[in-house]
Colleague: 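Have a look at the structure that comes next, please.
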Amino acid sequence: MSQAYIVDALRTPTGRRKGSLSQIHAIDLGAHVLKALVERNPIPADQYDDVIFGCVDTIGSQAGNIARTSWLAAGLPFSVPGTTVDRQCGSSQQALHFAAQAVMSGTQNVIAVGGVQTMTQIPISSAMLAGQPLGFTTPFAQSEGWNKRFGDAPVDQFYAAQRIADHWNISRGEMEVFALESHKRALNAIESGLFNQEIIETQGLKQDETPRNTSLAKMAELEPVGDAYPGITAAVSSQTCDASAAILVVSETALKKYGLTPRARIHHISVLGDDPIWHLTAPIPATKRALEKAGLSIEDIDLFEVNEAFASVAMAWMKELDCPHEKVNVNGGAIALGHPLGATGARLMTGMLHELERRDGRFGLQTMCEGGGVANVTIIERLKPQAPSNNTVAS
């Protein structure tokens, strides 16, 4: 089977809700990273086979196949198509999987992958609520088959986050300690310039503006999001934000044709479903199965990115996988850096690739919980640049 390689990965900063990126049209935010990706690499723009973008709540500025419209808004060739993926929070991670599968199958050679989300303009769950004027209270409520199987059990992320905390005996205080560490790691990364190579300036914003200088005392003052969720507050939840990210995925044929240096190889891709009412637990069995299929162990993986949809999700994952926090979300997670839904998968992959290079690591594993009780797992193998041949003769 052919191999799929990552050649480049970049992202915008994460703009906090109503912050520096909040007035950018979603298409233009997506176009920004696509234009940068094409300009940074020597592949002619008309030689791209496809654009695959993740986006959730595809209404308003995010409607109309934003992968295609972003490419066009960037001034790039009409001949390159595009398709938009919605696997909820894992949308751009799934976009990467689709690109890898296309390259591995030999049907495509050069694909721009990524995602975009403007959560200030299009609030989370907008698509879920858009059908209410048409008589659909939720996407599920009027389904006979759904009700027969699940009854009126809540399809609710807060319910799931609290249920996970209770099941794994994770207290609110423990979640707040975890959340504070996420902010500390992100702020340290910013102050140390660790994100400089992966971020492209956007609307004058050069660094993520979502991390906060906070404290356990401030977190303790926050009210829970609801009476039924005593441990879940804004402090232990991912932040809504605005962002986009893009990754260049190519075949070995393209590497040779354009003289590209691969930075990583897609080592493993998989996706697994779990109980949709538990909603956020799928990364646990998905990671276990992915490691088994890849013939790897926790100890073989140098870095993990486990999306911090809520603190309880990542903490339960670490407990079940017996994985030290020192290897997980080392530069902060979505609690500090935000969770721009359709862009998150590409943002996480971009950060993980750059950090593997800084640490001279080999394997990185990324996973995240997704609506409907689903989780993607991607394992990449970082490739070290080849040293010049000793047989080279100087001219």
Side-chain angles (χ1 to χ4, degrees), residues 2-12 26-38 40-41 43-58 62-74 76-118 243-251 253-254 260 262-266 268-271 340-350 352-353 366 368 370 374 376-378 380:
S2 299
Q3 300 294 322
Y5 300 93
I6 296 176
V7 169
D8 199 4
L10 54 86
R11 67 180 181 91
T12 70
I27 290 174
D28 297 324
L29 194 60
H32 186 59
V33 290
L34 286 172
K35 184 177 181 181
L37 189 75
V38 172
R40 280 171 40 151
N41 293 281
I43 304 172
D46 63 358
Q47 295 301 298
Y48 282 69
D49 292 304
D50 211 346
V51 180
I52 309 177
F53 250 36
C55 191
V56 184
D57 293 316
T58 51
Q62 296 176 163
N65 189 5
I66 199 166
R68 171 70 170 164
T69 55
S70 292
W71 179 266
L72 295 175
L76 297 166
F78 290 172
S79 59
V80 179
T83 189
T84 302
V85 177
D86 180 357
R87 201 190 280 277
Q88 298 293 279
C89 299
S91 295
S92 55
Q93 187 172 359
Q94 182 61 50
L96 177 62
H97 285 203
F98 283 150
Q101 288 166 338
V103 168
M104 290 173 178
S105 72
T107 58
Q108 293 182 324
N109 291 302
V110 179
I111 306 175
V113 173
V116 60
Q117 202 80 31
T118 53
S244 61
I247 300 169
L248 179 55
V249 178
V250 306
S251 66
T253 298
L260 304 169
R263 295 171 65 178
R265 179 179 68 88
I266 306 295
H268 170 87
I269 53 174
S270 62
V271 62
L341 300 182
T344 298
R347 184 194 73 74
L348 294 180
M349 182 57 64
T350 296
M352 187 167 70
L353 173 63
Q366 174 183 317
M368 64 174 68
E370 302 156 7
V374 179
N376 283 71
V377 179
T378 315
I380 61 169

Colleague: Check whether any side-chain N or O of D49 sits under 3.5 Å from a backbone N or O of N109 as a donor-acceptor pair, and report yes or no.
Modeller: yes
Colleague: So which atom in G345 and which in M368 form the shortest heavy-atom distance, rounded to 0.1 Å?
Modeller: CA-CE, 3.6 Å
Colleague: Once rounded to the nearest 0.5 Å, what's the spacing between atom CD1 of I380 and atom CD1 of I269?
Modeller: 13.0 Å
Colleague: Kindly say whether I27 contributes a backbone atom to a donor-acceptor pair with the side chain of S70 at under 3.5 angstrom?
Modeller: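 Indeed, once roles are kept as given, a pair shorter than 3.5 Å links the two residues.
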Colleague: Report the residues that fulfil ring pair (Phe, Tyr, Trp, His ring centres under 6.0 Å) with Y48, sequence neighbours left out, ordered by chain and then residue number.
Modeller: W71
Colleague: Given 3.5 Å as the limit, does a donor-acceptor pair link the side chain of D8 with the main chain of L37, or not?
Modeller: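 Absent.
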Colleague: Quick check: closest heavy atoms across A99 and V113, and the distance to 0.1 Å?
Modeller: CB-CG2, 3.3 Å
Colleague: Is V374 close to Q88 at the side-chain level, that is, under 4.5 Å between some pair of heavy atoms?
Modeller: no
Colleague: Quick one, I6 and M349 - any side-chain contact, counting heavy atoms below 4.5 Å?
Modeller: yes
Colleague: Which residues pass the side-chain contact (heavy atoms from CB on, under 4.5 Å) test with S244, sequence neighbours left out?
Modeller: T12, L29, V33, V116
Colleague: Quick check for you: to the nearest 0.5 Å, what is the distance between R265 atom CZ and Q3 atom CD?
Modeller: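 Spacing of CZ (R265) from CD (Q3) equals 4.5 Å.
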Colleague: Is T83 reaching over with its side chain to a backbone N or O of I52, donor-acceptor style, under 3.5 angstrom?
Modeller: no
Colleague: Nearest 0.5 Å please: distance from the OG1 atom of T378 over to the NE2 atom of H97.
Modeller: 2.5 Å
Colleague: Does the E370 side chain pair with the main chain of N376, one donor and one acceptor, at a distance under 3.5 Å?
Modeller: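 Yes; at least one donor-acceptor contact below 3.5 Å.
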Colleague: Could you tell me which non-hydrogen atom of V80 sits nearest to which non-hydrogen atom of A45, and how far apart they are?
Modeller: CG2-O, 3.5 Å
Colleague: Between the main-chain N or O of A26 and the side-chain N or O of T118, is there a donor-acceptor pair closer than 3.5 Å?
Modeller: no
Colleague: Looking at G342, is its backbone amide N or carbonyl O close enough to the side chain of Q117 to form a donor-acceptor pair, meaning the two atoms are under 3.5 Å apart?
Modeller: yes
Colleague: Taking Q62 for its side chain and V56 for its backbone only, find out whether a donor-acceptor pair lies under 3.5 Å.
Modeller: yes
Colleague: Walk me through whether L248 and I43 qualify under side chain to side chain contact (heavy atoms under 4.5 Å, CB included).
Modeller: CA-CA 10 Å; L248 179 55; I43 304 172; 4.0 Å; yes
Colleague: At what distance, to the nearest 0.5 angstrom, does CZ of F53 lie from OG1 of T69?
Modeller: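 Interatomic distance, F53 CZ to T69 OG1, rounded to 0.5 Å: 9.5 Å.
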Colleague: Could you tell me the separation between the CD atom of Q93 and the OG1 atom of T344, rounded to the nearest 0.5 Å?
Modeller: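 The OG1 atom of T344 is 10.0 Å from CD of Q93, to the nearest 0.5 Å.
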Colleague: Taking only residues two or more places apart in sequence or in another chain, which ones pass side chain to side chain donor-acceptor pair (under 3.5 Å) with S270?
Modeller: H268
Colleague: Looking at every heavy atom in both C55 and S91, which two are closest together, and how far apart are they?
Modeller: N-CB, 3.8 Å
Colleague: Which pair of non-hydrogen atoms, one from A243 and one from A343, has the smallest distance, and what is that distance?
Modeller: O-CB, 3.7 Å
Colleague: Could you pull out the closest heavy-atom pair between A9 and R40, with the gap in Å?
Modeller: O-NH2, 4.0 Å
Colleague: Please confirm whether the backbone N or O of A95 pairs with a side-chain atom of S92, one donor and one acceptor, at under 3.5 Å?
Modeller: no
